[in-house]
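Because the structure is predicted, anything quoted here is derived from the model rather than measured. Here is the naming used below: chain letters follow the sequence lines, and residue numbers restart at 1 for every chain.
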Amino acid sequence: MLLQQVISIRHVEERMMALGRAFAIVFCLLQAASGESGNAQDGDLEDAEPDDHSFWCHSQLEVDGNQHSLTCAFNDPDIKTTNLEFQICGALLGIDCLTLNKLREMYFIKTSKFLLIGNSSVCVKLGKMDVICKILDISTIVKPEAPSNLKVVYRKEANDFLVTFNTSHSTKKYVTALKHDVAYRPERGESNWTHVYLFHTRTTILQRKLQPKAVYEIKVRSIPNHEYFKGFWSEWSPSSTFETPDSKYQGGWDPVLPSIILLSLFSMVLLVILAHVLWKKRIKPVVWPSLPDHKKTLEQLCKKPKKNLNVSFNPESFLDCQIHEVNGIQARDEVESFLQNDLPPRPGELEKQGHRATVHGANWPSEISGSTPETFRRESPLRCLARNLSTCNTPAFLSSRSPDYREGDGNRSHVYQDLLPSSRNTNGTVPQPFPLQSGILIPVSQGQPISTSSVLNQEEAYVTMSSFYQNK
Amino acid sequence: MVLFRYLFILQVVRLALTYNFSNCNFEMILRIYHATIFRDLLKDLNGILFDQIEDCDSRTACLLKIDHHTFNPVPGCPSLPEKAFALKTKAALINYCPGYSETERNGTLEMTREIRNICLNQTSQILGLWLSCIQS
């Protein structure tokens, strides 16, 4: 029994030891793992990794007279630079290599030995060993000097801000062509910069593009703009500030335009008034001349006769009239034959008779001279003529004197005078409806001859009037 | 007579062996001239110009004459090849004329002390050759 107990105890101990060993191995592994990470954190393995000795360089030409500068620095600012130096070889005037001077974290050299043509080798050296080298062309890593003397002047008349600045490259020999970047923004609000690129050292910023009554911050930088020299943006110039005026002054109220508008409006109103006033008297007759009215013209020519005045060339109207021969045998025969024809003409002969009557009518003034006053009292030939006129229109000098006949004025010369175009009967403004020759209508004594040509002219006048009345 | 004959033969051989500049990158050379060499020439001349005696009608001919006048010192101006414009011209030709190398220059001519007008005249002639090179 005792032996069995001892054996069992040994088994348990062996198991415990195996378990302990396993734990010990695991513990040792964990220790090892934790120990490695702890070393890395401590930085003891720093030298095990290669350092980043990458660097950058830029050149500045003619920084001091004929001397150029070359500035180089490591990209990693935390790199240990102890015992490290920069050296440039190649593309130098009269010398193979130049060593840069250390200036804090940067390496710098100012010399006139740069050839500016061809590549140079810039190396980081640790003692005599090259750590890292770069092939650089000095003419393509030019960094211009920062512009200076940045000024902003407000021009009220132009409503803009004049921006001017200076650059030292304007007096240099090599890099003279630059492109400038003018950036401005409101000082408050952290808004984005507005950039303006220019090739001169002055520009304008329009006031309307700026916020009113705000303080702006402005700065400028430059970059080579040359076909041979290339490079980088310069440092920003020292910032300058300017303040924009209040918005009520923005835009500058121009009194010229409203004045022109008011003047134009006033002129238009004046023109309308003048046109209205002068329309009937001046403008309309010129623009729209009035055409003569035929009716009015004829009304002036032929006034409507009085009701009782019957004027007609119809031979029937002359049936009751005593017409005496005045001129010649032929006229007497015609009058006699006419008077003998007491019966009214047949309708077929009406036209012929009418024509004949007109012919006789042409002679009646002279024939009337032989008639008695009673004849006129009963019915004058003029009345006979007027009787057959419905609408017209006996000439004024005929109708106006008709009452004289009724008054029984036996003076024949008065009757004849009524038929004359005397100053009393004729109006100067009213044209005569037919030409009456004074030689025809002059009261003549019985038997006094009247020329044949005058009679014919009178016939033509009556025929014309007759035709006119018929047409009407 | 024998001396002159030798000199003539020597000149002919030198011309035959002279680099002809036909493979040069004229664009880059002229760009360098505008950017640097021209500025240095103007600075040396300081506004003084002489009548142009030398002329050329092609770029290769011009570069040949420029090379000759720049790097062969003339009596009265021994420092001409060491001036800035000469060194830059050499650098331009080395970089952009394949096969060009600095050939052995005349060392036989007696170098006298430097006379300013001779140097200015020589520099003016070189400037004129460059201008002809641009125009050709």
Peer 1: Under 4.5 Å, counting heavy-atom pairs only, tell me which of A/Leu115, A/Thr176, A/Asn119 racks up the most with chain B.
Peer 2: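 When all of A/Leu115, A/Thr176, A/Asn119 are compared, A/Leu115 has the most.
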Peer 1: Take B/Tyr19 and B/Asp67 through the side chain to side chain donor-acceptor pair (under 3.5 Å) test and state the conclusion after the steps.
Peer 2: CA-CA 10 Å; B/Tyr19 185 78; B/Asp67 176 75; over 6 Å; no
Peer 1: Could you check whether A/Ser112 and A/Asn66, counting side-chain N and O atoms only, form a donor-acceptor pair closer than 3.5 Å?
Peer 2: no
Peer 1: What part of A/Tyr174 is in contact with chain B, defined as an atom under 4.5 angstrom from a non-hydrogen atom: side chain, backbone, both or neither?
Peer 2: both
Peer 1: Under a 4.5 Å cutoff for heavy-atom pairs, which residue among B/Met28, B/His34, B/Lys43 has the most contacts with chain A?
Peer 2: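 So the answer, after comparing B/Met28, B/His34, B/Lys43, is B/Lys43.
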Peer 1: Once rounded to the nearest 0.5 Å, what's the spacing between atom CG of A/Asp96 and atom CG of A/Leu92?
Peer 2: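 Nearest 0.5 Å value for the CG-CG distance: 8.0 Å.
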Peer 1: Before we go on, tell me: are the rings of A/Trp56 and A/His58 under 6.0 Å apart, centre to centre?
Peer 2: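 Centroid separation for A/Trp56 and A/His58: below 6.0 Å.
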